[in-house]
Amino acid sequence: MQYLNQLEPDALIARFAEHPPIDFSVLQVAETPAFVAPFDLLTTADDEARAKVMGAPGYRWWGRLLRWRTAFVGTTVSEYALFPREAQPDALAKALRDQLGRRQRLLVVKDIPQASPLFDAATGQWCRRFADACEAAGFVLLEGQALAYVTIDFSSEDDYLARLSSGRRKDIRRKLRKRDETAVTTLHCGDAVFSDDAVVDAYYALYENVYAQSEIHFDKLSRDFFAAVLRDATNGGVVFVYRHQEQMIGWNLCFVVEGKLIDKYVGFAYPQAREQNLYFTSWFHNLAFARTQQLTHYVAGWTDPQVKASLGAQFTLTRHAIYLRNPLLRMLARRLSRFFESDSQWATHEQA
């Protein structure tokens with residue numbers, strides 16, 4: 001893999017640089033992937049703080065002042081921030097601050113892993129040293145999101161479900177009754193079917209459905225990005241296509257990389273996907289695929305931690321390092337950091 005912390009294939013990182021999300025500018029600083037994008041400062045605030053600010057008098061007029069052009073270290077197609085393998089933590093932290101943080105009002109080094117079971121101990125130690133170096137260089141450290149994953153150490157679906165409470169098992173089995181009504185087809189990126197523009201259009205339309213109903217709208221990927229990824233036979237991508245009554249109602253793009261199944265993108269047709277409980281069907285289909293392929297982990301992404309917890313996921317936490325060019329705002333950020341959303345509650349989640 002090209003970078004530290006990289007779970008994804010090199011080809012996916014390359015497609016991000018070639019076809020960045022809409023309104024994003026991609027760059028590289030100190031050999032580290034980065035981008036500049038519009039960012040609403042309330043995006044990572046907790047629900048209570050966000051509601052108070054948005055409910056303040058005149059927010060509809062002055063709220064735009066909270067939307068800044070912001071520099072980010074990382075990509076939106078990688079689970080973690082990506083760092084050069086030969087970089088020294090202290091030198092990299094200072095280079096990012098000097099070359100990015102002093103040119104933008106806000107710099108965010110997003111998704112620095114904490115003690116992740118998805119990497120070796122040496123990578124974890126490097127990330128701890130880097131986070132400490134960021135703090136010493138004037139960054140403010142914030143608790144980040146929880147990445148969901150499942151260790152593939154079970155022999156069957158029944159074995160997996162047996163680890164959950166009886167209430168969860170009953171609810172999941174009820175939802176899975178619908179899966180017999182849905183046909184699943186497995187395709188691989190680079191398949192000839194993706195050379196048809198109409199097929200790519202259909203996949204992108206279902207992706208747009210999911211994006212439109214998301215609570216947070218940050219990085220909208222382009223049709224050109226998906227066309228390039230779906231037509232790339234070298235990236236290890238696997239596409240699970242779900243059909244009900246011969247109509248495509250969903251798809252899920254995953255990557256098999258170094259013994260892990262990395263779940264990346266989905267597209268759903270509404271209301272059919274909800275009516276068929278497709279989220280739950282796809283979860284257990286992915287687990288079965290990972291088990292039959294003798295993979296070690298299923299990496300399920302950042303969104304919907306409560307739902308993923310109910311499905312038996314475990315979680316590993318990240319941190320964000322932020323740098324505000326204005327020293328007064330840096331001081332304020334340290335005082336207000338507790339109001340920013342943290343998924344730390346999921347780190348101690350037990351499959352009870």
Side-chain angles (χ1 to χ4, degrees), residues 21-22 76-77 148 150 157 160-161 164 167-189 191-227 229-231 237-255 261-292 298-313:
I22 296 167
T76 63
V77 301
V150 176
E157 184 174 291
Y160 179 80
L161 288 171
L164 308 180
R168 288 184 185 175
R169 288 198 300 272
K170 182 178 180 180
D171 182 60
I172 289 170
R173 287 188 169 124
R174 178 179 59 81
K175 288 183 169 68
L176 290 178
R177 289 173 192 163
K178 287 278 190 177
R179 66 178 164 181
D180 291 339
E181 301 175 10
T182 304
V184 188
T185 304
T186 301
L187 299 173
H188 294 270
C189 288
D191 191 287
V193 70
F194 296 123
S195 63
D196 186 340
D197 282 339
V199 170
V200 175
D201 289 342
Y203 276 66
Y204 190 63
L206 297 195
Y207 161 77
E208 288 190 302
N209 287 347
V210 175
Y211 181 85
Q213 60 86 50
S214 299
E215 291 183 4
I216 296 175
H217 292 159
F218 177 53
D219 60 324
K220 184 175 183 181
L221 295 163
S222 68
R223 182 199 176 280
D224 288 345
F225 170 84
F226 280 106
V229 171
L230 292 171
R231 291 169 177 170
V238 183
V239 187
F240 304 117
V241 186
Y242 297 87
R243 290 185 171 85
H244 176 63
Q245 297 178 349
E246 301 185 357
Q247 177 187 0
M248 182 171 71
I249 64 169
W251 58 266
N252 183 194
L253 172 58
C254 301
F255 294 89
L261 183 66
I262 315 298
D263 192 338
K264 274 298 171 186
Y265 304 112
V266 296
F268 289 146
Y270 299 117
Q272 299 95 320
R274 290 194 181 100
E275 291 169 349
Q276 296 304 124
N277 294 323
L278 198 53
Y279 189 104
F280 299 88
T281 293
S282 64
W283 180 274
F284 282 91
H285 182 80
N286 290 349
L287 290 182
F289 178 87
R291 181 171 55 80
T292 57
Y298 167 48
V299 181
W302 306 102
T303 59
D304 304 320
Q306 186 170 4
V307 177
K308 290 171 181 173
S310 73
L311 287 168

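Only this structure's heavy atoms are used, side chains among them; waters, hydrogens and symmetry mates stay out.
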Trainee: For Phe226, which of Phe194, Tyr203, Tyr211, Tyr265 qualifies under ring-ring contact (aromatic ring centres under 6.0 Å, His included)?
Mentor: Tyr265
Trainee: When you compare the side chain of Asp263 with that of Trp283, does any pair of heavy atoms fall below 4.5 Å?
Mentor: no
Trainee: With sequence neighbours left out, write down each residue that passes ring pair (Phe, Tyr, Trp, His ring centres under 6.0 Å) with Tyr279, or none if nothing qualifies.
Mentor: none
Trainee: In Å, rounded to the nearest 0.5 Å, how long is the span from CD of Gln272 to CG of Leu278?
Mentor: 10.5 Å
Trainee: List the atom of Thr186, the atom of Val238, and the distance in Å for their closest heavy-atom pair.
Mentor: CG2-CG1, 3.6 Å
Trainee: Answer yes or no: is there a side-chain heavy-atom contact under 4.5 Å between Phe240 and Ser282?
Mentor: no
Trainee: Grab the two heavy atoms, one from Pro21 and one from Thr76, that are nearest each other, plus how far apart they are.
Mentor: CG-OG1, 3.6 Å
Trainee: Considering all heavy atoms of both residues, which atom of Leu206 and which atom of Trp251 are nearest to each other, and what is their separation?
Mentor: CB-NE1, 3.7 Å
Trainee: CD1/Ile262 to CG/Leu253 distance, rounded to the nearest 0.5 angstrom?
Mentor: 11.5 Å
Trainee: For a quick test of reading the model, state the closest non-hydrogen atom pair linking Asn286 to Leu261 and the distance between them.
Mentor: O-CD2, 3.6 Å
Trainee: So do the side chains of Arg174 and Asn277 get within less than 4.5 Å of each other, counting heavy atoms only?
Mentor: no
Trainee: What closest approach, in Å, do Val239 and Cys189 show between heavy atoms, and which atom pair accounts for it?
Mentor: CG2-SG, 4.4 Å
Trainee: Can you tell if the side chain of Glu157 reaches within under 4.5 Å of the side chain of Leu287, non-hydrogen atoms only?
Mentor: no
Trainee: Roughly how far, to the nearest 0.5 Å, is OG1 of Thr182 from CD of Glu275?
Mentor: 11.0 Å
Trainee: At what distance, to the nearest 0.5 angstrom, does CG of Leu161 lie from CG of Leu176?
Mentor: 7.5 Å
Trainee: To the nearest 0.5 Å, how far apart are CZ in Arg274 and CD1 in Ile249?
Mentor: 12.0 Å
Trainee: What is the distance from atom CZ of Arg179 to atom CZ of Arg177, rounded to the nearest 0.5 Å?
Mentor: 12.0 Å
Trainee: Give me the one residue out of Arg173, Lys175, Arg169, Arg168 that meets side chain to side chain donor-acceptor pair (under 3.5 Å) with Asp171.
Mentor: Lys175
Trainee: Check whether any side-chain heavy atom of Asp197 lies under 4.5 Å from a side-chain heavy atom of Arg223, and answer yes or no.
Mentor: yes
Trainee: Is a side-chain donor or acceptor of Gln276 paired with a backbone partner of Ala273 at a separation under 3.5 angstrom?
Mentor: no
Trainee: Are the side chains of Thr303 and Lys308 in contact, using a 4.5 Å heavy-atom criterion?
Mentor: yes
Trainee: Should Val210 and Phe268 count as side-chain neighbours, where that means a heavy-atom distance under 4.5 Å?
Mentor: yes
Trainee: Given Phe225 and Val77, is the side chain to side chain contact (heavy atoms under 4.5 Å, CB included) satisfied, shown in steps?
Mentor: CA-CA 11 Å; Phe225 170 84; Val77 301; 3.9 Å; yes
Trainee: So, Lys220 and Glu208, do they make that salt bridge, N to O below 4.0 Å?
Mentor: yes
Trainee: With heavy-atom distances below 4.5 Å as the criterion, would you say the side chains of Phe284 and Tyr160 are in contact?
Mentor: yes
